[in-house]
Amino acid sequence: MPPITTTSAVRRRAAALWGRLPLRIRLVAGFAAAMLLVLTAAGAFVYLRVQYALDLRLNEDLAEQSAQLRAAATTSAGPRDAPLLPHGQYYQLLDTSNRVLASAPGLPRPSLLRPAELRTALRAPLREDRGELLPISDRPLRLLAVPLHPGATTATGPAVALVAVRRDQRDEALRELIGQLALAQLAALAVASLVGYRLARAALVPVERYRTQAAQIAAGATGVRLSVPPGSHDEVARLGRTLNDMLTALETALERERRFVADASHELRTPLTLLSTELELALRRTRSTTELEDVVRRAAADTQDLINLADTLLRVGTPADPARVADTSVDVTELLATITDRYRATTAGRLLHVQVAPGLLVHGDAAALGQTLTNLFDNAVRHGAGPITVHADTLGAAVRIVVHDEGPGIEPGFLPHATERFTRADTARTTPGTGLGLSLVDAIVTAHHGELRICSRGLHHRTARRFDHDCEHPTSGTTITVLISSSC
């Protein structure tokens, strides 16, 4: 037994078939269907208007003949076989039994009215057609039956006056109109479909070009961009420019990640090489317990360096939890107090001036913001000189944190690259570090929708421009400013 095909299955098959058609074919098909509806509606309107005009003419002729027949039927005293209307006009006089009392020469003697139609005509005027427009009838007629004695059912003599006109010319005109409209609609539909197809093909040429170039990019080509006409500003051109911007951003991000992986591999290779070398040297000859303990301590120190570097890399990759940034309130005043107390005990009195306004609150991740402040203090202690000052207050709708030291400052050429991963100034290469501190700070501040400013030797560098406030700090030394929108 064959499976029963449901309506939903048929619809799914039709949808699948429709989806496999080329887009230009679907566009032309939709356009042609819409044009067919419009042309059909316009043709139907024209047909109905012409039909109304022709029917109005026929009805006027019938009304005139009916008036003449009724007048002749009521005034004629001669025999009923004498013509009541001029030659060529059709008429019949009927009694209440539907018998023909008088008729025009050439008409059949049986009544042209059916019994049910006669009963209606005895009460009110009745208009009926005989013969169809299509297929063509031998003798198409339009009838008008008018009661001579409205409401009478037993009157003697004529009761209904019936006149008729032929519809040959009217029907021929309508048939010719239908043919002309059909031909005109087919021609218009063909022209519209052809024009629609050419327009759709011309509109989709850039899309096909984009697809070809995108396939090249997917195959591994680099530096390829979509060909967008410089003077075009339509939707396809705007799409091409947006895709080019996206490709540029993707290539930049990919290059940045490749450089990050290469730099991370380089940074990881050094402690791993030292660890491997120390272990190999320790195994070359028999050593005392004290020597073995010393090797294990150095290996543990190198291992800890690896752990710290790996932890920093993870933090650079995921600087802050978006949920915490949006929902958690952080007391910056308390956070600064905790960190500055720790550095006071370890910097031999270099952290001299701390000015923190009370009640500084921001939305953010407390652990990430603590890492930011720790990195700023580490940089000031490791690379700066003289006293370190910390200032925190509100500036408009932002909380401002300023860390300043009186060191030699950052080289002007290195300042724009200070937040890039694994970048270190020439003067800092002899000190411990990996070049990830300011990069991590920038990532955390960006995740908190803030702004990082690095100012040194009279030069200013802003990693983002989210606040319009000017910098306020001494012109000497190095000043790092963090601005984060306040929560209150």
Side-chain angles (χ1 to χ4, degrees), residues 42-181:
F45 175 78
V46 172
Y47 175 83
L48 292 175
R49 290 296 301 172
V50 172
Q51 183 187 44
Y52 173 78
L54 295 177
D55 287 344
L56 183 62
R57 178 66 179 177
L58 286 179
N59 294 335
E60 290 177 350
D61 292 343
L62 282 174
E64 182 179 353
Q65 293 179 21
S66 178
Q68 294 175 1
L69 179 61
R70 282 179 290 162
T74 57
T75 59
S76 176
R80 293 298 184 187
D81 293 336
L84 299 178
L85 293 179
H87 178 72
Q89 296 183 2
Y90 299 112
Y91 67 90
Q92 285 182 338
L93 291 179
L94 307 174
D95 63 8
T96 57
S97 299
N98 204 18
R99 288 186 301 111
V100 178
L101 302 180
S103 66
L107 272 184
R109 296 300 295 178
S111 173
L112 294 177
L113 293 183
R114 303 180 182 93
E117 295 173 344
L118 177 66
R119 289 192 293 270
T120 302
L122 290 172
R123 296 190 301 270
L126 172 69
R127 184 179 290 112
E128 287 290 336
D129 282 339
R130 292 289 185 267
E132 301 295 334
L133 179 67
L134 291 173
I136 301 175
S137 301
D138 294 335
R139 190 173 60 179
L141 297 174
R142 173 160 297 181
L143 311 178
L144 176 60
V146 178
L148 296 176
H149 310 285
T153 58
T154 59
T156 59
V160 173
L162 183 147
V163 293
V165 293
R166 295 186 65 91
R167 301 196 330 266
D168 301 82
Q169 294 181 355
R170 176 258 192 193
D171 289 358
E172 182 64 24
L174 290 180
R175 284 192 291 268
E176 186 176 352
L177 177 62
I178 292 174
Q180 293 175 353
L181 288 177

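Model, not experiment: these values are computed from the prediction.
- Taking CZ of R130 as the reference point, atom CG of L113 lies at 6.5 Å (rounded to 0.5 Å).
- In this structure, P140 and D168 have side chains that are in contact, with non-hydrogen atoms separated by less than 4.5 Å.
- Remark: side-chain polar atoms of R57 are not paired, donor with acceptor, to backbone N or O of A53 under 3.5 angstrom.
- With contacts defined as side-chain heavy-atom distances shorter than 4.5 Å, the pair V100/L94 qualifies.
- Between the OG1 atom of T96 and the CG atom of L118 there is a distance of 7.5 Å, given to the nearest 0.5 Å.
- The NE2 atom of H149 sits 10.5 Å away from the CG atom of L122 when rounded to the nearest 0.5 Å.
- Using a 4.5 Å heavy-atom cutoff, the side chains of R166 and L141 are in contact.
- In this structure, S137 and G131 approach most closely via the heavy-atom pair OG-CA, 3.2 Å.
- Note: L84 CG to Q89 CD = 11.0 Å, rounded to the nearest 0.5 Å.
- Between L58 and L54 the shortest side-chain heavy-atom distance does not fall below 4.5 Å.
- The shortest heavy-atom contact between L112 and E117 is O-OE1, 4.2 Å.
- Salt-bridge annotation for R142 and D55: present, with a side-chain N of the basic residue lying under 4.0 Å from a carboxylate O of the acidic one.
- Here the closest heavy-atom approach between residue A164 and residue Q65 is recorded as O-OE1, 3.7 Å.
- Counting non-hydrogen atoms of other residues, nucleotides and ligands closer than 6.0 Å to CD of Q169 gives a total of 12 or fewer.
- Annotation for L101 and P158: closest pair CD1-N, 3.4 Å, computed over non-hydrogen atoms.
- Using a 4.5 Å heavy-atom cutoff, the side chains of V165 and R170 are not in contact.
- Inter-residue side-chain proximity for Q51 and L48 is flagged as met; some heavy-atom pair is nearer than 4.5 Å.
- Residues L69 and L93 meet the side-chain proximity criterion, which asks for heavy atoms closer than 4.5 Å.
- With rounding to the nearest 0.5 angstrom, the CG atom of D95 is 9.0 Å from the OG atom of S111.
- Counting heavy atoms from C-beta on, the side chains of D171 and I136 never come closer than 4.5 Å.
- Of all the heavy atoms in V146 and S66, the pair that sits closest is CG2-OG, 3.3 Å.
- Around the CD atom of E60, the shell of radius 6.0 Å holds more than 12 heavy atoms that belong to other residues, nucleotides or ligands.
- The minimum heavy-atom distance linking A121 with A145 is given by the pair CB-CB, 3.7 Å.
- One distance of note links CZ of R49 with CG of L177; it measures 13.0 Å at 0.5 Å rounding.
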